[in-house]
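Quick note: numbers below take in every heavy atom, side chains included, and nothing from hydrogens, waters or symmetry partners. By convention here, the first residue in the shown sequence is residue 1.
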Amino acid sequence: MYWTLFLTFVKIGTFTIGGGYAMLPLIQREVVDKGWLSKEDFIDLFSVAQSLPGIFAVNISIFVGYKLKKTLGSIVCALGTILPSFFIILAIALFFTGVKDNVWIEKAFKGLRPAVVALIAVPCLTTARSIKLSYAQMVIPIGAALLIWLGNMSPVWIILAAIIGGLYYGLKIKKY
């Protein structure tokens, strides 16, 4: 099982461009569709991994490994996630100096951007559906994303507004 976990996370780490959120649908497909974790367990692990400091892809792989095979499983999954990126970056650092101003490489990276956005959007929508988020509730995160993207607003102001709005809602409207 350890070897299977390692190879699964090596495959995910090798073929995913765009970071941890882009890895999420692949991790979900590998661990939920194979029956290693239930969808509910995966969403719980996703929530905890997202709330902790550090690299999201490593956090989620550690939690999945721990849930499946405790400490050794978490180490195996973390190594499977980290090693491909480490070796790819090492290879780029060794050979990139000769091609750093290449127009084709720049165009390739620009062409990957829409795919990365899609890879991040899919788990967001899947998670929203699984927690039964209504369309009215989706207005706030979509509005915040548009304010950051199109309005050039700092995320700090949006976070502060969310804190104030959450406190107002909790204390005045819901009266917790």
Just to verify, which of L5, V10, I12 counts as forming a side-chain contact (heavy atoms from CB on, under 4.5 Å) with T8? I12

Within-4.5 Å side-chain heavy-atom neighbours: T81 and M23: yes

Just verifying a value: how many Å separate W104 CH2 and K107 NZ, rounded to the nearest 0.5 Å? 5.0 Å

Neighbour count >12 (heavy atoms, 6.0 Å) for atom CG, L125: yes

Cluster overlap I88 with L90, hydrophobic side-chain contacts below 4.5 Å: yes

More than 12 heavy atoms from other groups under 6.0 Å of CD1 on I55: no

Contact between M1 and W36 at the side-chain level, heavy atoms closer than 4.5 Å - yes or no? yes

According to a hydrophobic-cluster definition based on side-chain heavy atoms being under 4.5 Å apart (Ile, Leu, Val, Met, Phe, Trp, Tyr only), do I163 and V139 belong together? no

Evaluation steps, side-chain contact (heavy atoms from CB on, under 4.5 Å), between T126 and K39: CA-CA 10 Å; T126 304; K39 190 166 187 160; 3.7 Å; yes

Smallest separation among heavy atoms of R29 and L26, with atom names: NH2-CD2, 3.0 Å

Between T14 and P84 the two heavy atoms that sit nearest each other are OG1-CB, 3.3 Å

Any link between V156 and I148 through a network of hydrophobic side chains (Ile, Leu, Val, Met, Phe, Trp, Tyr) touching at under 4.5 Å? yes

Hydrophobic cluster identity match, L52 and L24, side-chain contacts under 4.5 Å: yes

Compare every heavy atom of S134 with every heavy atom of Q137, then report the nearest pair and how far apart it is. OE1-N, 2.8 Å

Shortest non-hydrogen contact from S61 to F9? CB-CE2, 3.5 Å

Taking the six-membered ring for Trp, are F56 and F46 closer than 6.0 Å centroid to centroid? yes

Can K172 be said to sit on top of Y169's aromatic six-ring, NZ or CZ under 6.0 Å from centre and within 45° of the ring axis? no

When rounded to the nearest 0.5 Å, the distance separating CD1 of I89 from CG of L94 is 11.0 Å

Working to the nearest 0.5 angstrom, can you tell me the gap between Y2 OH and L79 CG? 13.5 Å

Sidechain-backbone polar pair: S51 side chain, V48 backbone, donor-acceptor under 3.5 Å: yes

Once you round to the nearest 0.5 Å, how far does OG of S154 lie from CD1 of I159? 8.0 Å

Tell me if the NZ atom of K174 is crowded by more than 12 foreign heavy atoms within 6.0 Å. no

Looking at I62 and S74, what are the two nearest heavy atoms and their distance? O-CB, 3.3 Å

Going only through I, L, V, M, F, W and Y residues with side-chain contacts under 4.5 Å, is there a path from L45 to V58? no

Which pair of non-hydrogen atoms, one from G13 and one from S85, has the smallest distance, and what is that distance? O-OG, 4.2 Å

Check whether any side-chain heavy atom of W157 lies under 4.5 Å from a side-chain heavy atom of L147, and answer yes or no. no

What is the distance from atom CD of Q28 to atom CG of D33, rounded to the nearest 0.5 Å? 7.5 Å

Can you tell if the side chain of I27 reaches within under 4.5 Å of the side chain of F42, non-hydrogen atoms only? yes

Would a 4.5 Å heavy-atom cut-off, applied to side chains only, mark V76 and W3 as touching? no

